[in-house]
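Reading through the structure tokens given below for one structure.
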Amino acid sequence: MRRRAPRRASGAPANRAETILAVVAECCAVQMMHGSNPNGRTAFLDTLSPEARAAFTRLGTRRRHAVGDVLIHEGDHVQELVVLREGLVKVTARLDRDRVALMDIRIAGDLVGEVAALGVGPRSATVTACGDVVATVIPGHELETFLLAHPETSLALSRMLCGRLCRADRLRLEFGGYPVPVRLARVLVELAATYGQPERNSLRIEVNLSQTEFAALIGARTRSVHKALGQLRDKGIITTPGHRLTYVRDLARLRKAALLSVPVI
């Protein structure tokens, strides 16, 4: 039986945010039942058809940011969507007065601030530029009007939110089920798949993350991450020749260290 879109108490049709969140819940359940690729992260703009992408990229106002600039402040009540066009950002959330957790990193083509843009509460995290960044800022009312008129983009947004929820669930399970070396190897596999640049039979990962930020990303102590990175270096799986620069020398062995199946080529 098909579910009807949620309705307001007054009987009026639900707004776009409520509809999307309802679809996300169902979509996430389906993906968890049938399985998904844990490393298959695709930038939002790359999921759209050329026509939908062209229409979507005409929205909003383009802005430029330098390294260290804050694009989104945690706790702000601003209903704007940020579309990354160039560069890399990190997403952090404050745990308490002294501790900040690194939640994710996003690249060109990704969206940030989508939940608040849909009117679902204040900003839940801070987004900071890791280098030169070009982004487009779309006001919430402009986004909602566009999504109502473009169902393909609306569905793509729902699927993206679903993927992020499922990934968050997977990471929570891994934190409790795998030791630090396995969690670190899994993050490196994901970074290599998403951000890796081929170079001399290796994959160069240049995401400007410190060992402390790696530790925050996998829920571990910096000392434990330092030790796990050393073990991977000693085995010749990775090298770290420069500041915040990692080369994956043997992706198959890295996947094995991450307890992931090795793809058959």
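In what follows, residues are counted from 1 in the order of the sequence shown.
No more than 12 heavy atoms of other residues, nucleotides or ligands shown are found within 6.0 angstrom of CZ on Arg221. Counting heavy-atom neighbours within 6.0 Å of Arg64 CZ, excluding the residue itself, gives a total of 12 or less.
A donor-acceptor pair under 3.5 Å links the side-chain atoms of Thr145 to the main chain of His141, judged by distance alone. Under the 3.5 Å distance criterion, the side-chain polar atoms of Thr222 are left unmatched by any main-chain donor or acceptor of Ala215.
To the nearest 0.5 Å, the span separating CG on Leu111 from CZ on Arg164 amounts to 6.0 Å. Taking OH of Tyr247 as the start and CD1 of Ile238 as the end, the distance is 13.0 Å to the nearest 0.5 Å. Distance CG/Asp69 to CG/Asp132: 9.0 Å, rounded to 0.5 Å. Once rounded to the nearest 0.5 Å, the distance linking CZ of Arg123 with CG of Asp76 reads 7.5 Å. Within the model, atoms CD of Glu152 and OG1 of Thr47 stand 8.0 Å from one another, a figure rounded to the nearest 0.5 Å. Rounded to the nearest 0.5 Å, atoms CG (Leu260) and CD (Glu190) are 10.0 Å apart.
The side-chain heavy atoms of Val180 and Ile218, taken from C-beta on, include a pair separated by under 4.5 Å. Side chains of Ile105 and Leu191 form a contact here, defined as non-hydrogen atoms less than 4.5 Å apart. In this structure, the side chains of Ile237 and Leu188 stay at 4.5 Å or more apart for every pair of heavy atoms. Residues Arg186 and Tyr178 form a side-chain contact, since some pair of their non-hydrogen atoms from C-beta on lies under 4.5 Å apart. With a 4.5 Å cut-off on side-chain heavy atoms, Glu199 and Gln197 do not count as touching. Considering only heavy atoms from C-beta on, Thr136 stays 4.5 Å or farther from Thr57 through its side chain. Between Arg85 and Leu45, some side-chain heavy-atom pair lies under the 4.5 Å cut-off. Residues Val127 and Val82 are not in side-chain contact: their nearest non-hydrogen atoms beyond the backbone lie 4.5 Å or more apart.
Closest heavy-atom contact between Leu81 and Ala117: N-CB, 3.6 Å. Between Ala257 and Val182, the shortest heavy-atom distance links the atoms O-CG2, 3.7 Å. Considering all non-hydrogen atoms of both residues, Glu142 and Gly60 come closest at OE2-N, 3.3 Å. Considering all non-hydrogen atoms of both residues, Asp110 and Ala43 come closest at OD1-CA, 3.2 Å. What you find for Glu114 and Leu161 is that their closest heavy atoms are CG-CD2, 3.4 Å. Between Pro122 and Gly75, the closest heavy-atom pair is CB-O, 3.7 Å.
Residues Leu59 and Val78 fall into different hydrophobic clusters, defined by Ile, Leu, Val, Met, Phe, Trp and Tyr side chains chained together at heavy-atom separations under 4.5 Å. Val134 and Val83 fall into different hydrophobic clusters, where Ile, Leu, Val, Met, Phe, Trp and Tyr residues are linked whenever their side-chain heavy atoms come under 4.5 Å apart, directly or through other members. Under a hydrophobic clustering in which Ile, Leu, Val, Met, Phe, Trp and Tyr are joined whenever their side-chain heavy atoms come within less than 4.5 Å, directly or via other members, Val187 and Leu88 fall into the same cluster.
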Run the numbers on Thr153 and Phe44 for side-chain contact (heavy atoms from CB on, under 4.5 Å), then give the verdict. CA-CA 10 Å; Thr153 306; Phe44 174 75; 4.0 Å; yes

Can you check side-chain contact (heavy atoms from CB on, under 4.5 Å) on Arg204 and Leu245, steps first, answer last? CA-CA 7 Å; Arg204 186 183 75 253; Leu245 178 65; 3.5 Å; yes

Please report the C-alpha distance between Leu143 and Leu118 in whole Å, then the side-chain angles of each, then the deciding distance to 0.1 Å, and finally whether the side-chain contact (heavy atoms from CB on, under 4.5 Å) criterion is met. CA-CA 8 Å; Leu143 174 66; Leu118 293 169; 4.3 Å; yes

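With a 6.0 Å cutoff to the six-membered ring centre and a 45° limit on the axis angle, Arg53 does not count as a cation-pi contact of Phe56.
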